[in-house]
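Quick note: residue numbers are just sequence positions, from 1. Model, not experiment: these values are computed from the prediction.
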Amino acid sequence: GYGHTVPLSDGGKAFCIIYSVIGIPFTLLFLTAVVQRIIVYVTRRPVLYFHIRWGFSKQIVAIIHAIVLGFITVSCFFLIPAAIFSVLEDDWNFLESFYFCFISLSTIGLGDYVPGEGYNQKFRELYKIGITCYLLLGLIAMLVVLETFCELHELKKFRKLFYVKKDKEEDQVHIMEHDQLSFSSISDQAASMKDDQKANEPFVTSQSPTSNDSSLNN
């Protein structure tokens with residue numbers, strides 16, 4: 001959020017809050033969906049192609065690919081636009097233009113440099129639309145590069161250093177206690193069911209051993 005256009009009325013400020021609450025999550029979902037689809041064709045398939053077709057190591061190919069992709073992104077969305085802004089904006093030099101590109105695409109947005117604010121500028125409306133498209137594409141490109149670097153094996157190992165490790169022995173103890181409780185509850189239920197069956201059965205007079213012997217002798 002940068003620029004000199006801000007809501008002044010109470011209704012405009014309330015609408016800005018409601019619009020931001022709804023629009024920001026949808027924008028993040030849209031960017032996430034687009035990046036996930038782009039990275040398949042830009043990162044994963046090229047790395048697998050060089051790994052399978054040419055037999056290079058997958059880790060080395062991934063590192064070289066990430067460096068090349070980062071260099072292309074910096075050139076196309078930082079250096080070249082900075083040179084264009086330094087020409088189109090009368091008061092900006094190359095450093096100020098590069099600063100605007102970095103502040104904008106890093107989502108910092110301080111608002112100290114805003115392009116297209118001169119009223120005597122030619123094709124001002126078209127210029128504003130072009131800047132909007134540039135910011136949207138540049139933000140997607142930055143997310144693709146970040147996702148590409150995050151998929152590197154070395155960075156995954158580095159991130160694992162900050163994970164909270166669970167104690168396996170404690171987990172196994174909890175699992176054994178849970179199993180013992182479950183087995184004991186099952187045995188208790190089976191014993192109670194047997195007692196209920198015995199209680200419901202009709203009483204049968206037991207015969208004495210002498211009567212049995214006499215019946216056998218007869």
Is [Y] reachable from [X] through a run of I, L, V, M, F, W or Y residues, each pair having side-chain heavy atoms under 4.5 Å apart?
{"X": "F50", "Y": "L48", "value": "no"}
{"X": "V145", "Y": "V68", "value": "no"}
{"X": "V61", "Y": "I63", "value": "no"}
{"X": "L152", "Y": "I67", "value": "yes"}
{"X": "L136", "Y": "V34", "value": "yes"}

[X] to [Y] - nearest heavy-atom pair and separation:
{"X": "Y41", "Y": "R37", "answer": "CD1-O, 3.2 Å"}
{"X": "T27", "Y": "G23", "answer": "OG1-O, 2.7 Å"}
{"X": "F102", "Y": "I108", "answer": "CE2-CD1, 4.5 Å"}
{"X": "L135", "Y": "S104", "answer": "CD2-CB, 3.5 Å"}
{"X": "V35", "Y": "I140", "answer": "CG2-O, 4.1 Å"}
{"X": "I39", "Y": "V144", "answer": "CD1-O, 4.3 Å"}

Point-to-point distance, once rounded to the nearest 0.5 Å, from [atom1] of [X] to [atom2] of [Y]:
{"X": "I129", "Y": "F123", "atom1": "CD1", "atom2": "CZ", "value": "13.0 Å"}
{"X": "R45", "Y": "I52", "atom1": "CZ", "atom2": "CD1", "value": "11.5 Å"}
{"X": "L31", "Y": "I38", "atom1": "CG", "atom2": "CD1", "value": "9.5 Å"}
{"X": "L29", "Y": "F26", "atom1": "CG", "atom2": "CZ", "value": "7.0 Å"}
{"X": "Y19", "Y": "I24", "atom1": "OH", "atom2": "CD1", "value": "9.5 Å"}

Would you tabulate the side-chain donor-acceptor contacts of residues 72-85 under 3.5 Å, counting partners in other chains and residues two or more places apart, or write 'none'?
| unit_1 | atom_1 | unit_2 | atom_2 | d |
| --- | --- | --- | --- | --- |
| T73 | OG1 | L69 | O | 2.8 |
| S75 | OG | F71 | O | 2.9 |

Has [X] got more than 12 heavy atoms of other residues, nucleotides or ligands less than 6.0 Å from its [atom1]?
{"X": "L146", "atom1": "CG", "result": "yes"}
{"X": "F15", "atom1": "CZ", "result": "no"}
{"X": "Y134", "atom1": "OH", "result": "yes"}

With sequence neighbours excluded, residues passing side-chain hydrogen bond (donor to acceptor under 3.5 Å, both in side chains) with [X]:
{"X": "S86", "result": "none"}
{"X": "E147", "result": "none"}
{"X": "T43", "result": "T148"}

In chain order, what residues pass the ring pair (Phe, Tyr, Trp, His ring centres under 6.0 Å) check against Y99, with sequence neighbours excluded?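 Ring pair (Phe, Tyr, Trp, His ring centres under 6.0 Å) list for Y99, sorted by chain: Y113.
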Any side-chain to backbone donor/acceptor pair from Q36 onto A33? Under 3.5 Å, distance only.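 Side chain of Q36 to backbone of A33, a donor-acceptor pair under 3.5 Å: no, none is there.
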Quick one: does any side-chain atom of K13 pair with a main-chain N or O of V6 as donor and acceptor, under 3.5 Å?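 No; zero donor-acceptor contacts below 3.5 Å.
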Assess whether side chain to side chain contact (heavy atoms under 4.5 Å, CB included) is satisfied between N93 and E96, documenting all intermediate values. CA-CA 5 Å; N93 54 24; E96 292 172 338; 3.1 Å; yes
Any side-chain heavy-atom pair of Y127 and T132 under 4.5 Å: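 Not in contact.
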Do the non-hydrogen side-chain atoms of C101 and S97 ever get within less than 4.5 Å of each other?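 The answer is no; the side chains never approach within 4.5 Å.
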Please list all pairs passing the side-chain hydrogen bond (donor to acceptor under 3.5 Å, both in side chains) test where one or both residues lie in residues 53-67, with sequence neighbours left out.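 Residue pairs with at least one partner in residues 53-67: Y49-R53.
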